[in-house]
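Here is the structure we will look at.
A quick note: this is a predicted structure, and the numbers were derived from the prediction, not measured.
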Amino acid sequence: MKKNIYDPGVMETLQQAGIAGTPQRLAVLKILQNAAKPLSVGVIREKLETKTRINKVTVYRIISLFKKQGLIRDVLSARGAVYFEMATSDHPVHPHFSCRNCGALNCLTPLTFSQACQLTASHDNYWVDHIEINISGLCNGCLHATKLQNQPGKKGP
């Protein structure tokens, strides 16, 4: 009898979303659950290569299904690239920082309930049902590199 190598929590998450637990779906979800920051499809595929062979179309179909069922959300970087992260109750909505130079995308501290309420307070002329906060600028590494390049006597690459 083949031993189940998947985390029971991953299977439970799929079942609660009404999604059948195929090996490919389990593998993709586990990668997303264990990620410290949003991941691109390319990075998800790289991580899958060591575990399960899945073609690009199948990964996109799995991502689409997870988004449709509310398990994940997409995050746009300052460069327009799409990344994905968990959207479950243990992964609350939070702002992101995107470096406009190197493209790095990082999660920032989630908003407190009172901060979210202030942003989502209903007004007479609109109703808020989604908030997405993406901050862009230069990450510490790019900022440091820019300062070094701008020093007198230094030449750029």
Side-chain angles (χ1 to χ4, degrees), residues 7 10 13-14 17 19 22-121 123 125-157:
D7 181 345
V10 176
T13 300
L14 285 178
I19 300 172
T22 66
Q24 294 88 355
R25 291 173 182 167
L26 290 164
V28 170
L29 186 60
K30 185 167 182 127
I31 287 167
L32 287 164
Q33 282 184 334
N34 291 332
K37 61 184 183 176
L39 302 176
S40 67
V41 169
V43 170
I44 293 168
R45 288 191 68 221
E46 285 173 18
K47 291 179 179 285
L48 285 168
E49 288 295 319
T50 60
K51 299 173 183 123
T52 309
R53 207 137 184 58
I54 305 176
N55 68 41
K56 187 191 293 190
V57 174
T58 302
V59 173
Y60 275 105
R61 286 182 181 150
I62 291 169
I63 294 293
S64 178
L65 175 63
F66 288 178
K67 279 180 58 179
K68 181 180 174 187
Q69 295 303 108
L71 285 179
I72 63 172
R73 63 182 153 258
D74 52 352
V75 179
L76 269 147
S77 73
R79 293 179 169 180
V82 180
Y83 293 80
F84 303 94
E85 68 180 3
M86 295 301 298
T88 54
S89 61
D90 53 336
H91 292 88
V93 174
H94 54 274
H96 296 89
F97 178 84
S98 179
C99 180
R100 70 178 191 284
N101 185 49
C102 70
L105 183 67
N106 293 294
C107 299
L108 300 175
T109 304
L111 298 172
T112 65
F113 183 72
S114 61
Q115 290 169 324
C117 285
Q118 289 172 1
L119 291 172
T120 61
H123 295 278
N125 57 347
Y126 62 90
W127 172 261
V128 176
D129 63 4
H130 174 77
I131 294 177
E132 188 173 314
I133 300 173
N134 294 320
I135 301 166
S136 65
L138 294 175
C139 69
N140 195 32
C142 291
L143 182 61
H144 182 69
T146 301
K147 286 180 182 178
L148 286 177
Q149 287 178 346
N150 290 334
Q151 286 181 353
K154 296 280 183 183
K155 293 184 179 178

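For the pair I62 and L29, the minimum side-chain heavy-atom distance is 4.5 Å or more. Residues H94 and T109 form no side-chain contact, since every pair of their non-hydrogen atoms from C-beta on lies 4.5 Å or further apart. Counting only heavy atoms from C-beta outward, the side chains of L71 and L32 never approach each other to under 4.5 Å. For the pair I72 and K67, the minimum side-chain heavy-atom distance is below 4.5 Å. By the 4.5 Å heavy-atom criterion applied to side chains, V59 and Q24 are not counted as neighbours. Contact annotation: the side chain of V75 never approaches that of V82 to less than 4.5 Å [non-hydrogen atoms, C-beta and beyond].
In this structure, CD1 in I31 is found 10.5 Å from CD in E46, a value given to the nearest 0.5 Å. With rounding to the nearest 0.5 Å, the separation of CG in N140 from CG in N106 is 11.0 Å. The OG atom of S98 sits 10.5 Å away from the CG atom of L138 when rounded to the nearest 0.5 Å.
At most 12 heavy atoms of other shown residues, nucleotides or ligands fall within 6.0 angstrom of atom NE2 in H144.
In this structure, H96 and L105 approach most closely via the heavy-atom pair CB-CD1, 4.0 Å. The shortest heavy-atom contact between R25 and F66 is O-CZ, 3.5 Å. Residues C99 and C142 share a closest heavy-atom pair of SG-SG, 3.6 Å. The minimum heavy-atom distance between L39 and V43, with the atom names listed, is CD2-CG1, 3.8 Å. Between Y83 and S77, the shortest heavy-atom distance links the atoms CE1-CB, 3.7 Å.
R73 contributes no side-chain N or O that, together with a main-chain N or O of F84, makes up a donor-acceptor pair within less than 3.5 Å.
A salt bridge does not link K37 with E85: none of the charged nitrogens is closer than 4.0 Å to a carboxylate oxygen.
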